[in-house]
2 protein chains.
Amino acid sequence: MSKTTIKDVAGLAGVSPSSVSRSLRGMGGVSAGTTERIRAAADQLGYTVSPAAYRLATGRTGTIAVVMPYLTRWFFAELLGGAEAVIRQAGLDLLLYHIGDLEMRKRYFSSGILRKRVDGVLIATLALTEPEVSALRSLDVPVCMVGTLVEGFSSVCIDDVASARTAVQHLINLGHERIALIAGDPREPMHFTVPPQRHAGYLAALGAAGLPTGPELEAQGAFTVEGGEEATVQLLGRAELPTAIFAECDEMAFGALRVLDRVGLRVPDDVSVVGFDDHPMASYFGLTTVAQDVAEQGRVIADHLVRRAQANGTKPARLGASTRLVIRATTAAPRNKAHNAHNAHKSRTLRATGTAGAALSAARLRRPALANGHDPLERPPGPRPDGHERLATIKKKKGETQQ
Amino acid sequence: MSKTTIKDVAGLAGVSPSSVSRSLRGMGGVSAGTTERIRAAADQLGYTVSPAAYRLATGRTGTIAVVMPYLTRWFFAELLGGAEAVIRQAGLDLLLYHIGDLEMRKRYFSSGILRKRVDGVLIATLALTEPEVSALRSLDVPVCMVGTLVEGFSSVCIDDVASARTAVQHLINLGHERIALIAGDPREPMHFTVPPQRHAGYLAALGAAGLPTGPELEAQGAFTVEGGEEATVQLLGRAELPTAIFAECDEMAFGALRVLDRVGLRVPDDVSVVGFDDHPMASYFGLTTVAQDVAEQGRVIADHLVRRAQANGTKPARLGASTRLVIRATTAAPRNKAHNAHNAHKSRTLRATGTAGAALSAARLRRPALANGHDPLERPPGPRPDGHERLATIKKKKGETQQ
DNA sequence: TCGGGCAACGCAAGCGGTTGCGCTCAACGG
DNA sequence: CCGTTGAGCGCAACCGCTTGCGTTGCCCGA
């Protein structure tokens, strides 16, 4: 019966409801014998305290809100998984909120829907605007962030700048000098903080090494495989090809790998690629990348949040999370620097398959021809009408026609 | 102020709390003028009803529980995304539960933690045991399932049998006769219903066409990339190679593609591969697969659940979801049936890279050598100590040494 | 003019717990 | 032997909102 109340238990045990309450939550003031009778009565009746009544009486909701801009992307799913385990372990409820677009986001924070509803809020990688921050402050519950620093809120962050710098430094150490960046699109509506930071790390490494930087070496796209493809296509349309590419996230790196593969550029022979995140597919592709344990971050921050939510008065803290460079198979020393220096800019029609060398045929082997026509090399990226022309011919390093 | 109660609003508006309550929820019995004053007072004070008090008073929780065996896997993340949108749209809270392993699962259902906590439950692809079912029944709230049929519960299902059959029929239509299956591991602790159904579809198609079936043509692994790799490795150790492989899910197909690639078998030239699900990466690999719209299923079932939770008395229903075969680039007619028939079983050492033909070198280009040593070809699958020996040499079709 | 009917609104009793406070009574020290 | 103490337990007042029912006052028909 789902209707058993504390009174039923009290009646069965022959005590008052207050004793049942005290006993069941171990507050003392109840003799061992009584406690035993109460416990017996309680689980004979299958009694469960009513969360609503409990919350009303105590004022604590026993609930944590987790708000995420994406549910399906690897990073967020992983984070959610880590947080969920800890939150539930602590006996709290996890209220999930997905903030899909800017309008939802606006409504969400201004509606005050969280008010009186949660004991704590966990927000993933959203760079909050001032009104959003103050809306959260007015909730008067601890707020924890992932990947973003806000005064008064706790957070867990990896060092994106340093980590990106490490990744690029790896390329530099290998001897690369023209290192391109595949970056997140700054027009991204959700204002993530990650892309600019990884961008900064990229620039820092190159700057410190005295290597060239500039728009010629940078291309942008969404933080997805498709975004990575588009950005790489842009790169391939530039006057001079890089010998290495740093992608701000693994998904973009996958996109890069695909495009490079299709045009017959070999990885890492012709171009090295390094990603960021260590997405589960990264090992599949043998992608060199910067690994971060996202689930662990979720656990750490959720644990902190739970603590703050329960023991009120704890101060907000800034937690760190480590990263490490994982070197796999997509990075290597550039083939031949001297040769590379005065490479003949021999242009060649990309889609003239008849002239394809073994490398191109290898690409073809991997991915023969897409039946759904979804091919970035054939379909110029929407916003850039000149993409197609620029791609008709590309500069490619000469030589190494086959082993 | 997060402490504003209905009395504050009533006081400001100069009415009684009951009028505020009636007015705010549009129950009539309040004059237009009063309603206006109340509304003004309410949002001047930033008033929000206390969910706890509301729930206690009304008995309805305004909450839906969503329970998932995985959070990070594509299918479940997608489903969650779809359901979340609908649930929140309906103004309900979404309580997320992750049932990681069997023990959690047991504790979860026996603890009655859902009791008095939710107005409805949405469960993804768990084949419930009898005690679990009755535990859910005793909750006395509508229960909806995804991918599983239970008497008295609603559900949304694709036709796994027919869809799998379609996928295999596609291979048959192309002329394939030796069609292997990469199947989910039956020892999977969570008892999913999908693998056996897709298995049945596979058998049905083959049976109807009079084509061979049997353990020689089947291999098992986890429903993951790694599982697909392991299963494919098993397949490659068999006496006779299939010309086509049906993987019960796309992740497994990805694993198959990788292994085939590494050993130099070309797709679809040497082996056709078809998956199931249309995972976002499927188009990346050009994988022929059976597409299903998982987010849509989440939306549909959540909508149904919300309806049932609100208008009590609605009957449970069985909803369907469609699938469609998406033909991409991993399936083609078998190269040469006649030739195939009396192929010389020329064994060759897999890792003797010196003898590698162009195809193998192409594989090498794609995935040169894993730095982390996580290579199914080098590491025999745990449970099968004889895997390594069997893999030392494999039977491989002769001919087609190069493009 | 007067009674009936019906909006509009307030009263108060819950909903199912928690918790401060007061009572009872056995144990114990002086 | 008596006063004090404190453990064990019940009483009742909330927590904030909903809702059935009673009251008020106005409009209308007879």
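Just so it is clear: chains get the letters A, B, ... in the order the sequence lines come, proteins before strands, and each one is counted from 1.
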Please state how far atom [atom1] in [X] lies from atom [atom2] in [N], giving the value in whole angstrom units.
X	N	atom1	atom2	result
B:L56	D:dC15	CG	P	13 Å
B:D8	D:dC15	CG	P	11 Å
B:I38	C:dA8	CD1	P	12 Å
B:R60	D:dT18	CZ	P	12 Å
B:I6	C:dC15	CD1	P	19 Å
B:K7	D:dT18	NZ	P	13 Å
A:L24	C:dG17	CG	C1'	12 Å
A:L45	C:dG17	CG	P	11 Å

- Over 12 foreign heavy atoms within 6.0 Å of CD, B:E130: yes

- Item | Neighbour count >12 (heavy atoms, 6.0 Å) for atom CD, B:E151 | no

- Hey, does the side chain of B:R37 reach the backbone of B:A13 with a donor-acceptor pair shorter than 3.5 angstrom? yes

- Task: Report yes or no: does B:T125 contribute a side-chain atom to a donor-acceptor pair with the main-chain N or O of B:V194 at less than 3.5 Å?
- Result: no

- Item | Closest-nucleotide 5' rank along DNA chain D - winner of B:M27 and B:A52 | B:A52

Less than 4.0 angstrom between a side-chain N/O of [X] and OP1 or OP2 of [N], yes or no?
X	N	answer
A:R25	C:dT18	yes
B:K116	C:dG17	yes
B:Y54	D:dT19	no

- Out of C:dG17, D:dG16, C:dT19, whichever nucleotide has its closest atom nearest the side chain of A:T58: C:dT19

- Note on the structure: Value for CE (B:M68) from CZ (B:F75), rounded to nearest 0.5 Å, stands at 8.0 Å

I'd like a list of close polar pairs between nucleotides 7-10 of chain D and the protein, N/O only, cut-off under 3.5 Å.
| residue | atom | partner | partner atom | Å |
| --- | --- | --- | --- | --- |
| D:dC9 | OP1 | A:S31 | OG | 3.3 |
| D:dC9 | OP1 | A:T34 | OG1 | 2.4 |
| D:dC9 | OP2 | A:S31 | N | 2.7 |
| D:dC9 | OP2 | A:S31 | OG | 3.3 |
| D:dC9 | OP2 | A:T34 | OG1 | 3.2 |
| D:dG10 | OP1 | A:S16 | N | 3.4 |
| D:dG10 | OP2 | A:S16 | N | 2.7 |
| D:dG10 | OP2 | A:S16 | OG | 2.8 |
| D:dG10 | OP2 | A:S19 | OG | 2.8 |
| D:dG10 | N7 | A:R22 | NH2 | 3.1 |
| D:dG10 | O6 | A:R22 | NH1 | 3.4 |
| D:dG10 | O6 | A:R22 | NH2 | 2.6 |

- Item | Test item: side-chain donor near acceptor, B:R307 and B:T314, under 3.5 Å | no

- Please report the closest heavy-atom contact between A:C144 and A:I301, naming both atoms and the distance. CB-CG1, 3.6 Å

